[in-house]
Amino acid sequence: MKTQQSKTLFDKAQQYLVGGVNSPVRAFKSVGGTPIFIEKGNGSKIFDVDGNAYVDFVQAYGPMILGHNNETVTKQVTSALQDGYAFGATNEKEVQLAQIVCETFETIDKVRFVNSGTEAVFSAIRLARAYTGKDKIIKFSGCYHGHADTLLVAAGSGLATFNMPSSDGVPQDAVKHTLIAEYNNIESVKTVIENNKGQIAALIIEPIAGNMGCVLPSPQFIQALQQVAKGNQILIIVDEVMTGFRSKFGGAQDLIGLKADITTFGKIIGGGFPVGAYGARDEIMQKVAPLGNMYQAGTLSGNPISMACGIATLQTLQQSNPYPQFEKHGAFLEKAFYESAEKYGVSVQVNRFGSMLTPFFTAEKVVDFTSASKANTEQFSTFFWAMMEKGIFLPPSQFESWFLSAVMTDEDLEQTKLAIDYAMEQVAKAHF
Ligand SMILES: *Cc1c(COP(=O)(O)O)cnc(C)c1O
């Protein structure tokens, strides 16, 4: 695997960008080695500056569910560009994308577009507080909801359990209203509520967790959560930034039977351009300015180019319905993992849901942040670089979800299966 050009560019990047990147995971810290620089993407593949081709399981961390350079999407974005980029007044495309979201989600009457998932989530929290008149929120350990101060607690890394900020620069005061519960553990939720009676505005949850690796909630947990929230007048914010339109045309909330009061979006609804959104029933959304007194605004919110990309992406998804294929491809990869793991005596747990999948290098079932943290990250690093060598691009961290794209071919899947077998052998050789 040639990396000379990436190395040269990374050296230069480090001179001008913090750590050579604009988002930390791109620096490959947890797997070591030189991060690759991408030149272009097409279909299921990306190509780096050294001419290496990779089947792409990162998908820009989610948005590129149709693969890269989708013909329809590119055409519509290119056409939108001819009409100008931003106006500071409403454009019809904003209404079109909003209509798609509202008509697809039973729990949403109105939507507000913003520019990222982070923005969507912190606005949704503000809305929940405005609507309920209460301040506290519950978040689950290992779930990530963007980098707003209030939510940088137990956010999928190190410092879990108590509401200690997991970033320097976040005042203790900013997280004092953030209460932490454990995923898949209803007792932990009840305890938190018991200790903060009548003060909790909302709980926020990833309906399928993706930011500690892929972790599924049990049906009993979801059912109990719904009941407990309702019984205590606590709003449920379902953070679908990762899961929205990913495993069905709609939300993971429909698939797991969780009824959201407020839903947040990002990633896929922008198709690769910066878009986030939050939506809810009328009664709640009426709190938002200009209808209500909860202020939230954005110079580039509803940007026509981003909207065009989102509309084209969602329409293509709806028409092509890749969802049954994701299930087939996911099952194929799961089988490949377990077969190779058994062959070489490596312990692996594969968690998957629709187009999301994570192989955890551990013998124990992964159901929450504590069990995810037991995965062997050194084995993962060996695995990661062996996969890269064989032309498979994965998220460079054990605690991320891989994403399938609609354009992956049987050939891509076969190549991935062979790579898994090779990488698993390298893991067995390096760690005994
Ligand atoms: C990615 C993500 C976010 C943050 O979105 P950004 O666009 O990166 O700000 C929030 N919540 C979840 C569940 C995510 O996966």
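These figures come from a predicted structure and were not determined experimentally. When a ligand or atom number is given, it counts from 1 through the structure's own listing order.
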- [ ] Might you list the protein residues in contact with ligand 1, defined as having a heavy atom under 4.0 Å from one of its atoms, sorted by chain and number?
- [x] S116, G117, T118, Y144, H145, G146, E206, N211, D239, V241, M242, K267
Task: Pair R352 + E327, salt bridge at N-O below 4.0 Å - done: yes
Task: Sequence-distant partners of N69, side chain to side chain contact (heavy atoms under 4.5 Å, CB included), two or more places apart - done: N42, T74
Open item on the list: Are L81 and I305 packed together at the side-chain level, in the sense that at least one heavy-atom pair is separated by less than 4.5 angstrom?
Closed with: yes
Task: Presence of salt bridge, D282 and K110, under 4.0 angstrom - done: yes
Task: Whether over 12 other heavy atoms sit under 6.0 Å from Y295 OH - done: no
TODO: Assess whether atom CD of Q199 is packed by more than 12 heavy atoms of other residues, nucleotides or ligands within 6.0 Å.
DONE: yes
